[in-house]
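Order of the sequence lines fixes the chain letters, A, B, ..., with proteins taken first and strands second; residue numbering starts at 1 for each chain.
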Protein chains: 2
Amino acid sequence: MSDSDVLPPRLSGFERECIDIFVHAAQVLGIPRSVGEIYGLLYASPEPLPMDEVVERLSMSKGSASQGLRWLREVGAVQSTYVTGDRRDHFMAETRLRKLAGGYLREQIEPHLHNAEGRLGRLEGEVAGLPEGGDRKFSSERLQKLRRWHRFARQILPLFLRVANKI
Amino acid sequence: MSDSDVLPPRLSGFERECIDIFVHAAQVLGIPRSVGEIYGLLYASPEPLPMDEVVERLSMSKGSASQGLRWLREVGAVQSTYVTGDRRDHFMAETRLRKLAGGYLREQIEPHLHNAEGRLGRLEGEVAGLPEGGDRKFSSERLQKLRRWHRFARQILPLFLRVANKI
DNA sequence: TAAATCGTTCATTTTTCCTTGAACATTTTG
DNA sequence: CAAAATGTTCAAGGAAAAATGAACGATTTA
């Protein structure tokens with residue numbers, strides 16, 4: 001006799017579909033599947049959940065749940081709350097798009113944009129060291145284009161957040 | 001005696017820095033490193049390059065170069081051109097941001113948005129099957145929020161392309 | 001038409017990333 | 001204080017993705 005005959009299903013249909021959606025979203029964003037699962041479960045929950053329940057409902061190791069929840073807290077995608085008479089931390093999904101996107105951009109994208117500045121500086125050094133001639137003009141134009149792209153990214157992301165704020 | 005004593009360096013400083021930039025950009029976008037390398041090399045090249053040269057300059061296998069170039073062509077990030085007196089295909093980087101971003105969104109993002117519609121439909125089915133009560137209201141609100149996000153994504157991406165067109 | 005060139009495909013290897021679970025620290029309960 | 005509960009860390013294992021290179025087909029050249 002298998003467990004499914006005696007145990008209640010761990011997840012409701014609604015929960016399963018929410019998890020499915022966020023697992024796929026995580027895939028698009030390059031985030032681990034387990035993180036998508038956790039967020040999906042919390043998104044489907046009217047009440048905040050403690051870590052044990054995440055572990056149990058998702059059949060996930062404590063390690064993954066601990067790390068996943070930490071990551072989600074760091075990017076501001078979940079908040080931990082008190083529940084009276086329970087010393088465990090309880091977690092709930094942050095669902096304001098502005099907060100979600102803002103945390104992701106700050107933690108995941110901003111560092112890359114920052115590093116890109118250093119790389120553009122090095123590229124500029126290379127162009128400066130080039131001998132005069134047709135290739136130098138070409139290289140300089142390519143560098144300028146990269147700089148425009150970088151400036152564009154720096155401007156468009158805050159704009160994106162302002163628009164997201166209205167959703 | 002090592003090769004570096006007798007062979008010219010395969011890549012110029014300018015090329016190396018361009019490649020570095022696009023390798024990191026690829027990482028952010030979840031694209032294989034080899035694809036970033038190829039695009040970076042082509043971006044740095046005033047002339048279109050045949051596949052052999054990509055293989056040689058990047059010390060990359062023919063397989064990777066072939067597949068990487070195919071992918072780049074599919075998303076519209078490189079174009080192949082004729083070079084008179086040479087039967088090999090020659091590749092050059094597409095550098096219009098609108099084209100680059102458009103191809104990426106069409107090939108990589110759009111399929112996910114399309115699939116999401118199916119998932120939202122299934123989620124709607126789950127909500128419809130829920131008994132009346134507080135949880136049903138909650139679930140319905142969460143579903144609506146997902147639908148708003150989806151609509152938002154569908155609207156913001158074309159807008160993004162219009163703005164990118166001016167860069 | 002034989003040899004050389006160009007490019008693709010795909011099974012295999014390599015690498016990278018994710019998950020696991022045991023060990024541990026900390027706090028709480030009996 | 002001993003046992004239980006809660007949560008973190010990290011080495012090791014496993015899974016998924018990427019790179020390799022040999023085999024192959026197609027085309028061109030001598």
Side-chain angles (χ1 to χ4, degrees), chain A residues 10 19 22-42 48-75 78-92 107-108 112, chain B residues 10 19 22-42 48-75 77-92 107-108 111-112:
Chain A
R10 255 188 280 263
I19 291 167
F22 285 105
V23 163
H24 283 266
Q27 190 192 332
V28 174
L29 296 172
I31 294 166
R33 145 180 286 265
S34 60
V35 171
E37 290 176 345
I38 296 171
Y39 186 84
L41 177 61
L42 296 178
L49 300 181
M51 199 179 85
D52 327 17
E53 202 152 338
V54 171
V55 168
E56 195 187 330
R57 311 273 297 282
L58 296 174
S59 314
M60 172 184 288
S61 70
K62 279 207 302 177
S64 280
S66 176
Q67 290 177 177
L69 283 168
R70 164 142 58 107
W71 190 89
L72 286 165
R73 236 178 318 166
E74 280 171 6
V75 305
V78 310
Q79 293 169 350
S80 60
T81 66
Y82 261 140
V83 168
T84 51
D86 195 335
R87 77 170 158 117
R88 297 172 299 178
D89 258 0
H90 287 62
F91 300 93
M92 57 188 309
E107 300 287 328
Q108 304 297 304
H112 287 286
Chain B
R10 253 188 281 262
I19 291 166
F22 285 105
V23 162
H24 283 266
Q27 189 191 332
V28 174
L29 296 173
I31 294 166
R33 146 180 285 265
S34 62
V35 172
E37 289 175 346
I38 296 170
Y39 185 85
L41 177 62
L42 296 179
L49 301 180
M51 199 180 84
D52 327 15
E53 201 152 340
V54 171
V55 168
E56 197 186 330
R57 311 274 295 283
L58 297 175
S59 313
M60 173 183 290
S61 70
K62 277 207 303 176
S64 281
S66 176
Q67 291 177 179
L69 283 167
R70 166 144 56 107
W71 189 89
L72 285 165
R73 235 178 317 164
E74 280 171 7
V75 305
V78 311
Q79 293 170 349
S80 59
T81 66
Y82 262 139
V83 168
T84 49
D86 195 335
R87 77 169 158 118
R88 298 172 298 176
D89 260 359
H90 287 62
F91 300 93
M92 57 189 309
E107 300 287 329
Q108 304 296 304
H112 287 285

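The interatomic distance linking Ile38(A) (CD1) with dC18(C) (P) rounds to 13 Å, in whole Å. Summarising the geometry, the separation between CG on Leu49(A) and P on dG7(D) is reported as 12 Å, rounded to the nearest angstrom. The CG-C1' distance, from Leu58(A) to dT20(C), rounds to 15 Å in whole Å. Distance Asp52(A) CG to dT28(C) P: 16 Å, rounded to the nearest Å. Straight-line distance from the CZ atom of Arg33(B) to the P atom of dT20(D): 11 Å, rounded to whole Å. As rounded to whole Å, 15 Å separates atom C1' of dT5(C) from atom CD of Glu56(B). As a whole-Å value, the separation of Ile31(A) CD1 from dC18(C) P is 10 Å. Between the CE atom of Met60(A) and the P atom of dG7(D) there is a distance of 16 Å, given to the nearest Å.
What you find for Phe91(B) and Leu42(B) is that their closest heavy atoms are O-CD2, 3.5 Å. Residue Gln108(B) comes nearest to His112(B) through the heavy atom pair O-CD2, 2.9 Å, listed as atom of the first residue, atom of the second, then distance. The two residues Gly36(A) and Ala26(A) have their closest heavy-atom pair at CA-CB, 4.0 Å. Across all non-hydrogen atoms, the minimal contact from Leu58(A) to Leu41(A) is CG-CD2, 4.0 Å. Of all the heavy atoms in Ser64(A) and Met60(A), the pair that sits closest is CB-CG, 3.6 Å. The two residues Val55(A) and Ala65(A) come nearest to each other via the heavy atoms CG2-CB, 3.6 Å.
Taking the side chain as every heavy atom from C-beta outward, Met92(B) and Thr81(B) approach each other to under 4.5 Å.
A donor-acceptor pair shorter than 3.5 Å cannot be found between the side chains of Arg73(B) and Ser80(B).
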Pairs under 3.5 angstrom, nitrogen or oxygen only, protein versus nucleotides 8-11 of chain D, please.
| residue | atom | partner | partner atom | Å |
| --- | --- | --- | --- | --- |
| dT8(D) | OP2 | Ser66(A) | OG | 2.7 |
| dT9(D) | OP2 | Arg70(A) | NH2 | 2.5 |
| dC10(D) | N4 | Gln67(A) | OE1 | 3.0 |

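Residues from residues 84-92 of chain A placing a heavy atom under 4.0 Å of any atom in DNA chain D, listed by number, are Arg87(A), Arg88(A), Asp89(A).
Looking at Arg88(B), Arg57(B), Lys62(B) one by one, the single match for salt bridge (charged side-chain N to carboxylate O under 4.0 Å, His left out) with Asp52(B) turns out to be Arg88(B).
OP1 or OP2 of dT19(C) sits under 4.0 Å from a side-chain N or O of Ser34(A).
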